[in-house]
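What you are looking at is a predicted structure, and each value in this text was computed from that prediction instead of being measured.
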Amino acid sequence: MNSSPSPLGLDGLFVPLSISPPPPPPVAHSDTAPSSEQLRATHTIDLPAIGYNFSYVASHAAEQRCSVMAVVKADAYGHGSVRTAKYLLEKHGCTAFAVATLEEAITLRQGGISYPPCRVLVLGAPVGYPECFDLYLHYRIEVMMSGMETVRSFLSWAEDGNKRREAQVQHMSADTKAQSKNPNPSSQTIATARIGSAATLSNVEGEALKGELRRIMSKKDNRVINPEGLEKKTTTNKPEDSKNPTANPLDPNPPKKEKEIFRGLEHAASVSRMKDTHKGAMRASPTSSPVPTSQTRKTGQKEITKEARQKRVRYHIMVDTGMGRLGFTPETDDSTDTIKELYMAELNERPIEFYGLCTHMAEACNESDFTLEQMERFKVLLGRVREGGVGIPTVHTDNSAALLTSRLKHFDPVILDQDSYNSRGFVRCGGAVYGQRPAFPDLKECSTLSAAVGNVMLVKKGDTVGYDRTWVAKRDSLIATLGLGFADGYPREMGGGRGKVVINKIKYPIVGNVCMDMLMVDVTTTPEGGGVKVGDEAYLWGPGSGEDGIHLKDIAEKMGTTQSALTCGIVKERVKIKYKTG
């Protein structure tokens, strides 16, 4: 034969013809340097797709007379909580958000998701109480009453005004220092205005702040500071007032009025807090203090004290209807008595405010009779609370899957209708907002995971690749190494050919075990065309991989897990998040 060996373009490496039978051997394209701006691994978030999904679930929610509370816990399921919340607020008017922990809620507040207008509810049980309630108060975060121990600590905290005022001054001092170090209002720590007993401290710092702290801590229990900062003595009702029914300024038999139009959550909460004194056993208790009638102003038929207008911790009560995780049992008297005790503390000018009753679905799907049973159990407690004279400002029960099913229509009149005004219904949506509910094909994918090709090398027939030598080359092959591994959040289980990547619109199999920081792909040139070179972008999932590319739901199904488990597992310290805005 007169032919001579052909170079493979791999740094001068030549391979004898005897091991390279036709067709021609693969060529490693390593002569082009990667861009200086290229990232090792990238998680690209499609914000318009998130907005589309939010609008989609919001339209379904509107059909059930409710609104959407966007769940942005776990850093918005790995999509970036602050950026996602800001986008939904600015582009779609979402003002209700839910997270799992107090730390996540504070991150939102410090990131610019401020109150007003945005509410933030922590779905998980409080941790580190009673001190944690100072942070709930300071950052205006809504808390979940998840069990009897939580309630006991919450009530104890509400009673201790001195410690509470001291904590609020300390938090405001910390905010003031943070603002002085970072004057940029877009990123500074959020200072909370009107903090109840320390309402005069929003512009106080340095020695003046220390003096204000000493003044507050030296106060006796019978002195308060009203929102204008003026000291006043509290007035105690005369004993005979509580015994004499004529002392009640309200008509004990007021004429029936038409139901009020819902005028927002602020109004609904104040109505809930100040239900008429003559109505319901929930308000009456032989051991409770009489509801103060001095220093009040009238709002229609309701009374609101000056203390009631100050800052409060809004609380929601979780009802365990079948999840077996958090909450109170709906059929027991203890649950009703607990709500009664919280409500009476609120009426006696403690800085707490009832804001919602909720439950969580364990099995939300079209075929689930159990979900319907959960709703019936929830209605039992709803009825008992309302019969006791307590209005419920908000009710939230459904998650994404429950909302989008065609069979389950939960927000019926039994759920929302009550005296004076109707409850506001919310549905807590997380997975659907991020396009992670495969049963609903109209939702859009939002997450694309990609990595740069860091090396391309020739592997001879019979050679092995990766730890434990699990993959053996059956031919001369080109192996591309990507800068992403299981330490970045890509599942190790997708090695050994189970997973694929898309490079230049062609799918290639992952070979060998997925390493901690890298994975290898067999990119031997195929008849369909296209070689792979260093610097190319490899797509591991998401819409960036193309219409016929790799879908997150397919990986989740193959692994027997959920899409949210995969996106939550991406390690943001190692994988750069980029946002697509148009």
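In this structure, Arg83 satisfies the cation-pi test against Tyr579, with its NZ or CZ atom closer than 6.0 Å to the six-membered ring centre and inside 45 degrees of the ring normal. In this structure, Arg119 satisfies the cation-pi test against Phe426, with its NZ or CZ atom closer than 6.0 Å to the six-membered ring centre and inside 45 degrees of the ring normal.
Of the possible donor and acceptor atoms, none in the side chain of Thr84 sits under 3.5 Å from a partner among the backbone N and O of Ser81. Under the 3.5 Å distance criterion, the side-chain polar atoms of Thr448 are left unmatched by any main-chain donor or acceptor of Gly542. The backbone N or O of Gly431 sits nowhere less than 3.5 Å from a side-chain atom of Ser564 that would complete a donor-acceptor pair. In this structure a side-chain-to-backbone donor-acceptor pair under 3.5 Å is present from Asn53 to Lys444. Checked by atom type and distance alone, the side chain of Thr394 pairs as donor or acceptor with a backbone atom of Tyr355 at under 3.5 Å. Panel note: side chain Lys311, backbone Pro351; no donor-acceptor pair is recorded below 3.5 Å. A donor-acceptor pair under 3.5 Å is formed between the side chain of Arg350 and the backbone N or O of Asn348. Of the possible polar contacts, one joining the Thr567 side chain to the Tyr77 backbone as a donor-acceptor pair under 3.5 Å is found. The main-chain N or O of His396 is found under 3.5 Å from a side-chain atom of Arg428 such that the two form a donor-acceptor pair. Here the side chain of Lys553 pairs no donor or acceptor atom with the backbone of Thr562 at under 3.5 angstrom.
For the residue pair His92 / Ser55, a side-chain donor-acceptor distance below 3.5 Å is found, with atom types taken as modelled. Side-chain atoms of Thr321 and Thr359 form a donor-acceptor pair, as typed in the model, at a separation below 3.5 Å.
Rounded to the nearest 0.5 angstrom, Arg377 CZ and Asp320 CG are separated by 6.5 Å. Taken to the nearest 0.5 Å, the CE atom of Met145 stands 11.5 Å off from the CE atom of Met148. Separation of atoms CD1 (Ile415) and CG (Leu382) is listed at 5.0 Å; rounding is to 0.5 Å. The OG atom of Ser450 sits 11.5 Å away from atom CZ of Arg40, with the distance rounded to the nearest 0.5 Å. Here Arg165 contributes atom CZ and Gln168 contributes atom CD; the two are 11.0 Å apart, rounded to the nearest 0.5 Å.
Salt-bridge check for Glu341 with Arg152: passed, with a basic side-chain N closer than 4.0 Å to an acidic carboxylate O.
Closest heavy-atom contact between Cys429 and Val68: CB-CG1, 4.0 Å. Across all their heavy atoms, Trp157 and Pro130 have their closest contact at CD1-O, 3.6 Å. Scanning both residues, Tyr139 and Arg109, for their nearest heavy atoms gives O-NE, 2.8 Å. Leu108 and Ala85 make their closest contact through CD2-CB, 4.2 Å (heavy atoms, listed as atom of the first residue, atom of the second, distance). Contact detail for Ile577 and Gly78: the closest heavy-atom pair is CD1-O, 4.0 Å. Residue Thr107 comes nearest to Val82 through the heavy atom pair O-CG2, 3.8 Å, listed as atom of the first residue, atom of the second, then distance.
Ring pair Tyr315/Phe354: centre-to-centre distance below 6.0 Å. Between Phe154 and Phe133, the gap from one ring centroid to the other is short of 6.0 Å.
Taking the side chain as every heavy atom from C-beta outward, Cys446 and Lys580 never approach each other to under 4.5 Å. The closest side-chain heavy-atom distance from Met323 to Met361 is not below 4.5 Å. Side-chain atoms of Tyr129 and Ser156, non-hydrogen and from C-beta on, never get closer than 4.5 Å to each other. The closest side-chain heavy-atom distance from Gln563 to Pro438 is below 4.5 Å.
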**Message:** The test is side chain to side chain contact (heavy atoms under 4.5 Å, CB included); show your working for Phe328 and Val151 and say whether it passes.
**Reply:** CA-CA 11 Å; Phe328 297 88; Val151 171; 3.7 Å; yes
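Between Tyr56 and Tyr52, the ring planes are parallel. Angles under 30° get that label, and only those over 60° would be called perpendicular. Using bins of under 30°, 30° to 60° and over 60° for the plane-to-plane angle, the ring pair His43/Trp541 lands in the perpendicular bin.
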